[in-house]
Amino acid sequence: SFTMNTYLFVYDLMQFCGHSWIFTNMIIRFISFGKDSLADTFYSIGLVMRLCQLLSMLEILHILIGIDKSRLLPRFLQITERIIVLFVVINSQEEVQGKYIVCILFFLWNLLDVVRYTYNMLARTGIYYVPLTWLNFSLCIPLYPLSVLAKAFAIWVSLPYFESFGTYSIKLPFPVTFSIYFPYVLKTYLLVLFIGMCITMQNLFSERKAHLATASIKKKRS
């Protein structure tokens, strides 16, 4: 309906503005301060990044109620991966926030999202540019696996801090003999991360094939 389409356009516009601000801010800071800007990336743009990622959880709801026709599992995996790495790993360990890997991870996320939300906004209005369509469904093929590797590296770098500080580790007193050692949870999640990458990559390839074929047909008709 027109109302739902307008809502989705506004949602995409908000995400585009947020990610464009982050992406532009990162580039300007790097040009101005060079490598020194990498260490405080999280402190300068972390708040907006967290807001954008929290807002992205609405996309799962969009699929569940049927106003977005994307597949649920791949989108759910992409969103939850970011939420876990950003809020559970990076946000909880101040020592990790100053690592260069955080800047690399944010750069990959925002590059992908600026293109994706630009494409989505235009698609809501019925505008399809073949070069933009190609870029949207091709850029993610190399960059998504790179972002997964960056997430895995960020988790690996954080492990010594979770071990030292005991963050999120739980040990219940006697008589209940139950404990959760969070570094083990993160190591297990690394396996889940790469399994999710295989599922998501399969979906990205199928989406790319379908959308590029549709864009080619529309171009011939025009």
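Numbering starts at 1 and runs along the sequence shown.
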Checklist entry - CZ of Phe33: more than 12 outside heavy atoms within 6.0 angstrom? => result no
Next on the checklist: If you count every heavy atom of other residues, nucleotides or ligands that lies below 6.0 Å from Tyr129 atom OH, does the total exceed 12?
Outcome noted: no
Checklist entry - Leu86 versus Asn91: any side-chain heavy-atom pair under 4.5 Å? => result no
Checklist entry - Could you give the distance from OG1 (Thr167) to CD (Gln93), rounded to the nearest 0.5 Å? => result 4.0 Å
Item to check | Check: Ser169 and Ile180 side chains under 4.5 Å, non-hydrogen atoms | outcome: no
Checklist entry - Between Glu81 and Tyr189, does a side chain to side chain contact (heavy atoms under 4.5 Å, CB included) hold up when you go through it step by step? => result CA-CA 10 Å; Glu81 285 169 9; Tyr189 181 69; 3.5 Å; yes
Checklist entry - Are Asp68 and Leu8 side-chain neighbours, meaning at least one heavy-atom pair lies under 4.5 Å? => result no
Next on the checklist: What's the separation between atom NE2 in His19 and atom CG in Asp12, rounded to the nearest 0.5 Å?
Outcome noted: 10.5 Å
Next on the checklist: Check Glu59 with Arg116, please: is the shortest side-chain N to carboxylate O separation under 4.0 Å?
Outcome noted: yes
Checklist entry - Shortest non-hydrogen contact from Tyr168 to Phe87? => result OH-O, 4.3 Å
Next on the checklist: Tell me whether the count of non-hydrogen atoms from other residues, nucleotides or ligands lying under 6.0 Å of CH2 in Trp21 goes above 12.
Outcome noted: yes
Next on the checklist: For a 4.5 angstrom cut-off between non-hydrogen side-chain atoms, does Phe182 reach Val88?
Outcome noted: yes
Next on the checklist: For Glu163, I'd like to know if atom CD has over 12 heavy atoms of other residues, nucleotides or ligands within 6.0 Å.
Outcome noted: yes
Checklist entry - Does OH in Tyr144 sit with more than 12 non-hydrogen atoms of other residues, nucleotides or ligands closer than 6.0 Å? => result yes
Checklist entry - Are Ser56 and Gln15 linked by a side-chain donor-acceptor pair shorter than 3.5 Å? => result no
Checklist entry - Taking atom CD1 of Ile90 and atom CG of Leu105, what is their separation to the nearest 0.5 Å? => result 5.5 Å
Checklist entry - Looking only at heavy atoms, which two atoms of Val89 and Ser158 are closest? And how far apart? => result CG1-OG, 3.4 Å
Checklist entry - How many angstroms lie between atom CG of Leu112 and atom CG of Asn136, to the nearest 0.5 angstrom? => result 9.0 Å
Checklist entry - Run the side chain to side chain contact (heavy atoms under 4.5 Å, CB included) check on Val10 and Tyr7 step by step: do they pass? => result CA-CA 5 Å; Val10 172; Tyr7 160 74; 5.7 Å; no
Checklist entry - Would Tyr117 and Phe16 count as a close aromatic pair, with their ring centres under 6.0 Å? => result no
Item to check | Stepwise side chain to side chain contact (heavy atoms under 4.5 Å, CB included) test for His211 and Tyr119 | outcome: CA-CA 12 Å; His211 283 83; Tyr119 170 83; 3.6 Å; yes
Next on the checklist: For a 4.5 angstrom cut-off between non-hydrogen side-chain atoms, does Met197 reach Leu149?
Outcome noted: no
Next on the checklist: If you count every heavy atom of other residues, nucleotides or ligands that lies below 6.0 Å from Phe153 atom CZ, does the total exceed 12?
Outcome noted: no
Next on the checklist: For Tyr184 and Tyr181, take the angle between the two ring planes, folded into 0 to 90°, and tell me which bin it lands in: parallel under 30, tilted 30 to 60, perpendicular over 60.
Outcome noted: perpendicular
Next on the checklist: Would Glu95 and Phe165 count as a side chain to side chain contact (heavy atoms under 4.5 Å, CB included) here? Give the steps.
Outcome noted: CA-CA 11 Å; Glu95 290 77 6; Phe165 303 134; 3.7 Å; yes
Next on the checklist: A side-chain contact here means heavy atoms from C-beta on lying under 4.5 Å apart; do Ser44 and Ser37 qualify?
Outcome noted: no
Checklist entry - Quick one: OG1 on Thr118 to CG on Leu135, what's the gap to the nearest 0.5 Å? => result 9.5 Å
Checklist entry - Atom OG1 in Thr6, atom CZ in Arg124: separation rounded to 0.5 Å? => result 11.0 Å
Next on the checklist: Is it the case that the side chains of Arg50 and Gln53 hold a donor-acceptor pair, with the cut-off being a distance below 3.5 Å and no angle test?
Outcome noted: no
Checklist entry - Any side-chain heavy atom of Phe137 sitting closer than 4.5 Å to one from Leu204? => result no
Checklist entry - Hey, are the side chains of Tyr43 and Asp40 touching, using non-hydrogen atoms and a 4.5 Å cut-off? => result yes
Next on the checklist: Tell me whether the rings of Phe42 and Phe106 are parallel (<30°), tilted (30 to 60°) or perpendicular (>60°).
Outcome noted: tilted
